[in-house]
Amino acid sequence: MKAIRVHEFGGPEVLKLEEVATPKPSAGEVLVRIHAAGVNPYDTYMRAGTYTLKPSLPYTPGSDGAGVVETVGEGVTKVKRNDRVYTARTLTGAYAEYALALEEQLHPLPAKVDFKQGAGVWVPYGTAYHALYHSAKAHASETVLVHGASGGVGIAALQIARAMGLTVLGTAGTPKGLEIAKREGAHEVFNHTTAGYQEEILQTTSNRGVDIILEMLANVNLSHDTKLLANNGRVIVIGSRGEITINPRELMGRRASIRAFTLWGITPEEEADIHAGIFAGLENGTLRPIVGKELPLAEAARAHKEILEPGSAGKIVLIC
Ligand code: NAP
């Protein structure tokens with residue numbers, strides 16, 4: 001089978017398309033024919049060797065894939081041959097024609113969701129769901145600012161928050177991103193590259209502030225976020241690529257808080273909740289993964305460059 005292999009940590013050029021043996025499932029494992037793999041920003045940090053999780057080399061990247069069950073190992077009961085599934089992590093990596101996964105890492109993909117969309121489910125929707133339900137404990141009467149609403153996690157958050165009944169504000173950096181954010185659930189959108197946009201956000205709330213901020217770039221925005229919060233507001237740090245100084249007094253006066261997490265640290269109970277919520281949303285159409293760009297597997301290096309560039313418009317997926 002064809003797979004992307006990483007033999008040394010480094011830039012996107014270390015992603016090589018190679019011919020490798022197709023793995024065979026042992027007991028409790030499943031072989032999935034991957035039709036599409038989702039590219040997430042953390043894949044690039046991991047490939048660079050700078051992420052908390054450092055895989056042993058060589059490895060095939062990718063936790064998010066969608067496809068069809070090819071064969072199952074002994075004792076597998078959750079899925080059977082030909083089932084359509086999305087992966088939430090794999091054993092051998094999703095940037096490949098086939099991936100081995102534990103049966104518990106596989107989840108049903110409703111018929112109305114195609115494989116490209118299925119490749120954009122786990123990390124984006126899992127993160128957005130965890131941020132809104134478990135971390136922020138959002139209520140329908142609240143206002144959320146999705147700070148970075150045009151990318152994978154942001155679009156998922158807009159759709160979930162809108163379905164939960166919140167008032168939803170979103171930011172993006174390009175006209176296309178703003179249009180997608182509006183279409184996918186934001187009541188109001190703001191351009192995070194325009195000077196003074198934070199003032200516009202405050203005015204939209206009649207200077208009350210927002211209850212929740214889902215923050216995709218905390219190292220740039222966190223100090224200003226604390227000034228946008230309403231009383232008892234919370235910033236949920238989802239993404240950050242560096243350090244930042246904040247003034248804690250902005251939090252004290254508002255009884256506000258900053259919370260943060262990584263999807264790797266969630267409990268099995270939280271994960272079960274997330275997949276149940278995702279399945280219901282995919283099935284009833286409130287959750288609709290948006291694919292912004294499709295590239296062949298061989299162009300994984302290009303995907304890793306482009307995922308870090310401004311101008312997001314949904315998910316980048318690799319066709320395997
Ligand atoms: P993505 O698809 O590449 O989207 C990036 C988003 O960040 C886009 O909406 C982009 O908007 C926005 N952005 C760019 N500049 C910004 C600014 N100054 N202020 C606010 N937003 C800005 O990435 P993603 O998959 O959505 O992930 C977003 C971040 O969360 C990444 O840093 C990722 O590593 C992190 N993440 C963390 C977890 C976790 O477990 N904690 C899980 C998933 C993702 P424009 O392109 O329109 O400017």
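All values below come from the heavy atoms of this structure, side chains included, with hydrogens, waters and symmetry mates left out. Counting starts at 1 for both ligands and their atoms, in listed order. The first residue in the sequence is number 1, and the count goes up from there.
- Met216 O, 3.7 Å is the protein heavy atom nearest to atom 29 (C) of ligand 1.
- Salt bridge absent: Lys293 and Glu299 never bring a charged side-chain N and a carboxylate O closer than 4.0 Å.
- Note on ligand 1: Pro310 sits in its first shell, one or more heavy atoms being nearer than 4.0 Å.
- If you check which protein heavy atom lies closest to atom 48 (O) of ligand 1, you get His192 NE2, 2.8 Å.
- Atom 34 (O) of ligand 1 has its closest protein heavy atom at Tyr45 OH, 2.6 Å.
- Outside the 6.0 Å centre-distance limit, the rings of Tyr197 and His224 are not counted as a close aromatic pair.
- For Leu17, the side-chain contact (heavy atoms from CB on, under 4.5 Å) test picks out Lys2, Ile4, Leu297, Ala298, with sequence neighbours left out.
- Nearest non-hydrogen protein atom to atom 2 (O) of ligand 1 is Gly152 N, 2.9 Å.
- Taking 4.0 Å as the cut-off, Lys315 does not count as a neighbour of ligand 1 on heavy-atom distance.
- Summary of contacts: the protein heavy atom closest to atom 37 (C) of ligand 1 is Ile238 O, 2.9 Å.
- The existence of a salt bridge linking Arg162 and Glu184 is excluded, since no basic side-chain nitrogen approaches an acidic carboxylate oxygen closer than 4.0 Å.
- For the pair Arg302 and Glu306, the salt-bridge criterion is met [side-chain N within less than 4.0 Å of a carboxylate O].
- Nearest protein heavy-atom neighbour of atom 11 (O) of ligand 1: Ser150 OG, 3.1 Å.
- When hydrogens are left out, the protein atom nearest atom 3 (O) of ligand 1 is Ile307 O, 3.3 Å; that is the closest non-hydrogen contact.
- In terms of heavy atoms, Ala157 sits closest to Leu214 at CB-CD1, 3.6 Å.
- At least one heavy atom of Ala172 lies less than 4.0 angstrom from ligand 1.
- When only non-hydrogen protein atoms are considered, atom 20 (C) of ligand 1 lies nearest to Asn221 ND2, 3.3 Å.
- In this structure, Tyr125 has its ring center no closer than 6.0 Å to that of Tyr129.
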